[in-house]
Q: 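Quick one: the structure is below, and I'll ask about it shortly.
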Amino acid sequence: MFKQFVKKYNLPNYRITQIYEGYYKNFISSWDELTTLPKDLREKLKEEIPFSKLIFVSNNTSKDGNTNKVLFKTEKDNYIESVLMKEKDRNTVCVSCMSGCPVGCIFCATGQMGLNELLDSQQILDQILYFCRELSLKNEKVTNIVYMGMGEPLLNLENVARSIMIIADKEKMAFSKRRVTVSTSGHVQNLRIFLGKNLGVKIAISLHAANQKLRERLMPGVASNNYLENLLDTIDSYTQKSNKRITYEYVLLRNVNDSVEDAKELANLLKGRLALVNLINYNEVDCLPFKKSKKTVLFKKILEERGITCTIRKSLGEDIKGACGQLGI
Ligand code: SF4
């Protein structure tokens, strides 16, 4: 859109660099702040290119101050949420790629909304740029970006891919791809297409069950048409070529998928694979019946005893319903 603007007014090429510098690198808060451009051009930008396609609604901060959940509205009046998680050495933005989600995982608040709207690449970027601007006011930076907010990224594949290309473009945000993670529930065909694009980002698979039957129960919208075996075959051929480790997300639901047998089955499934298991202790939501597991430590121990590398994800923002699986309007 910026290139078209420059072309339309027959501007010299350095104008595009000035726009990129201000917008993507210096994180200006409005077109008025783009003072490298003459006033008449700033006025034209204001008239023709919305500074953000998302409308800011509210910003909620957790009690410990480490998590911000921001509510935005789209032009079609749908709501989305994005989260900034602050840890010792990292500021991670969790972006949404949809309002709602069609996959309908039975433990996820977003999944109960159904799909309202797919976000375009600019709307995805708007969430990241919002936090970049906020942090730059405190001389801080976004260090990591995870596509783990509302929606299944691989069901909005082209917009997600486009947003990643802008994030990583040296002339634009110049963000390291190694610090970008795309998390998917495992739509096999789209995963193949996505991997084929060689975007260089990290991949996380939301596994949540070590067998097809339980996965179908927990994640009906994806697992019934995308068999676990096919998903793992796709990942295996990717890891063989790339030698990149895959993260498997596993949310622990009390008495659903957290037994000793479940842990052993998961260890068997991933044995010999280049894998990291990220255990997520369930973040409870009022509208759903699931409870936090009491066996997280035991589950981890069983996996590690069987040679599987395993971490427990730190839960951030649970008190503002900004933690994993809690996003929903
Ligand atoms: S867990 Fe992810 S894929 Fe499943 S319903 Fe929630 S947002 Fe969608």
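Order of appearance sets the numbers: ligands from 1, and atoms from 1 within every ligand. Here, residue 1 is the first one in the sequence, and each next residue gets the next number. Bear in mind the structure is a predicted one, so any value in this text is a computation, not a measurement.
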Q: How far is atom 7 (S) of ligand 1 from its nearest protein heavy atom, and which residue and atom is that?
A: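 For atom 7 (S) of ligand 1, the nearest protein heavy atom comes out as Gly151 N, 3.6 Å.
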
Q: Would you say Cys101 has an N, O or S atom lying under 2.8 Å from atom 8 (Fe) of ligand 1?
A: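 Checking atom 8 (Fe) of ligand 1 against Cys101, an N, O or S atom does fall under 2.8 Å.
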
Q: Does Ser96 offer a backbone N or O that forms a donor-acceptor pair with the side chain of Gln127 under 3.5 Å?
A: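 Yes, the answer is positive, given that a donor and an acceptor are paired below the 3.5 Å cut-off.
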
Q: Given 3.5 Å as the limit, does a donor-acceptor pair link the side chain of Arg254 with the main chain of Phe290, or not?
A: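 No.
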
Q: Could you measure the distance from the CG atom of Leu157 to the SG atom of Cys97? Nearest 0.5 Å is fine.
A: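 Going from CG on Leu157 over to SG on Cys97, the span is 10.0 Å.
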
Q: Considering only heavy atoms, which of Gly111, Cys108, Gly100, Gly104 lies nearest to atom 1 (S) of ligand 1?
A: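 The option holding the nearest heavy atom is Cys108.
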
Q: Got the closest protein heavy atom to atom 4 (Fe) of ligand 1, with its distance?
A: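 Checking every protein heavy atom, the shortest distance to atom 4 (Fe) of ligand 1 gives Cys105 SG, 2.4 Å.
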
Q: Walk me through it: do Ile49 and Trp31 pass the test side-chain contact (heavy atoms from CB on, under 4.5 Å)?
A: CA-CA 9 Å; Ile49 301 181; Trp31 292 131; 4.1 Å; yes

